[in-house]
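For reference, the structure is listed below as structure tokens.
Everything numeric here is computed off the predicted structure, so don't read it as measured data. First listed ligand is number 1; within each ligand, the first listed atom is number 1.
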Amino acid sequence: MRAAEDERLRLSHELHDQTGQTLIAATLAAKDLEKSLDADGRHRLAKLNVLLGQMGRTLHQVAWELRPASIDELGLAATLDNYVSDWCEQTGIDAEFYCKETNIDTLPNDTRTTIYRVIQEALTNIAKHASESRRVSVVISRVGTMLQLMIDDNGDGFDLNEKLATPNKYGSLGIPSMRERLSLIGGTLEIESSKGVGTTVFARIPIEPEEVLLP
Ligand SMILES: Nc1ncnc2c1ncn2[C@@H]1O[C@H](COP(=O)(O)OP(=O)(O)OP(=O)(O)O)[C@@H](O)[C@H]1O
Ligand SMILES: [Mg+2]
């Protein structure tokens, strides 16, 4: 079971990191080609770029939807607990995980997969961009009729407006994907960050009162 799950995670990373990088290289190569083409050639190249863009989106979607088998086997909270422990070991950063909602596994499958992926992407971002971080916490709680995920670090921080003003054309699928996947289940993403202080990612997902019953 563990092997099958590791394989899914490996595939998911491979798609996102390896194949994704190759696709970015192909997009850059196409851009480079543009200069040496006439109008007709550029027109045909534009069609190729549309196809490359579609491939990128499909790739990302498949990587997101590869669902760790242990969500069903162990439950979401235990799966995340294991994930956070492995993450700490790999990165050498201390992280705490609290799930204050005891009936989280009564939520629909796509909601649980989204919760897992949002936390995974936020932690990957911390490892990649906030490696100076020394204190990370991941908390799942309920605020009224919302399930709230909070992923907090005290790393480098970043200027969100600056990032939004100059979006990286060839990368940065992480935050847009979190936002898009949350919006598919009616949820929202909010990021608070300041340079030198740290970053907090909030994801809020509306839940029906009967979906998560009090114990
Ligand atoms: N926790 C964080 N601390 C500091 N900077 C961050 C953090 N999270 C995101 N960022 C900044 O926001 C940018 C956008 O993040 P996003 O996840 O969208 O893209 P990425 O991680 O660069 O690439 P991808 O997720 O597609 O592999 C990052 O490049 C980084 O500069
Ligand atoms: Mg990212």
message: Listing request: all salt bridge (Lys or Arg N to Asp or Glu O under 4.0 Å) pairs with a residue in residues 127-138, at least two apart in sequence or in separate chains.
response: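 Salt bridge (Lys or Arg N to Asp or Glu O under 4.0 Å) check on residues 127-138 returns no pairs.
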**OP:** Output yes when the distance from some N or O of ligand 1 to some N or O of Phe158 is under 3.5 Å, and no in every other case.
**Re:**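 Min N/O separation from ligand 1 is not below 3.5 Å for Phe158.
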Point to revise | Qualifying residue for side chain to side chain contact (heavy atoms under 4.5 Å, CB included) with Leu45, from Asp40, Leu33, Val50 | key: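 Running side chain to side chain contact (heavy atoms under 4.5 Å, CB included) over Asp40, Leu33, Val50 with Leu45 returns exactly one hit, Leu33.
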Q. Just wondering, do Leu189 and Phe202 contact through their side chains at under 4.5 Å, heavy atoms?
A.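 Heavy-atom side-chain distance check fails, nothing below 4.5 Å.
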Inset, instruction - Find all atoms of ligand 1 within a distance of less than 4.0 Å from any non-hydrogen atom belonging to Pro176, and give their numbers and elements. - result: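 Every atom of ligand 1 under 4.0 Å from some heavy atom of Pro176: 18 (O).
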Looking at Ala130, which atoms of ligand 1 are within less than 4.0 Å of one of its heavy atoms?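 In order of number, 3 (N).
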Can you give the donor-acceptor pairs under 3.5 Å from side chains of residues 52-59 to other protein atoms, not counting sequence neighbours?
unit_1: Thr58; atom_1: OG1; unit_2: Gln54; atom_2: O; d: 2.9

Go through Arg181 and Asp110 one step at a time and tell me if the salt bridge (charged side-chain N to carboxylate O under 4.0 Å, His left out) criterion holds. CA-CA 9 Å; Arg181 304 304 296 200; Asp110 56 346; over 6 Å; no
Practice task
Could you name each residue pair satisfying ring pair (Phe, Tyr, Trp, His ring centres under 6.0 Å) that touches residues 72-94, not counting sequence neighbours?
Solution key: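 Qualifying pairs, neighbours excluded: Tyr83-Tyr116.
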Checklist entry - For ligand 1, is any non-hydrogen atom under 4.0 Å from Asp156's backbone (N, CA, C, O), its side chain (CB onward), both, or neither? => result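 The answer is neither; Asp156 stays 4.0 Å or more away.
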So which bit of Asp153 gets within less than 4.0 Å of ligand 1, heavy atoms only: side chain, backbone, both or neither?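 Side chain only.
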| said: I need the protein N, O or S atoms closer than 2.8 Å to the Mg ion (ligand 2), given as residue plus atom name. | reply: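 As for protein N, O or S atoms lying under 2.8 Å from the Mg ion (ligand 2), they are Glu121 OE2, Asn125 OD1.
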Discussion item. Give me the atom names and distance for the closest heavy-atom approach of Asp153 to Ala130.
Written reply: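 Smallest heavy-atom distance, with atoms named: OD1-CB, 4.0 Å.
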N/O donor-acceptor pair under 3.5 Å between Ser137 side chain and Glu96 backbone: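 No, because the side chain of Ser137 does not come within donor-acceptor range (under 3.5 Å) of the backbone of Glu96.
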Q) Who's closest to atom 28 (C) of ligand 1 heavy-atom-wise, of His129, Lys195, Met178? A)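 Among His129, Lys195, Met178, the closest heavy atom to atom 28 (C) of ligand 1 comes from His129.
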Determine, for Asp38 against Arg42, whether the closest basic-nitrogen to carboxylate-oxygen distance falls under 4.0 angstrom.
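No.
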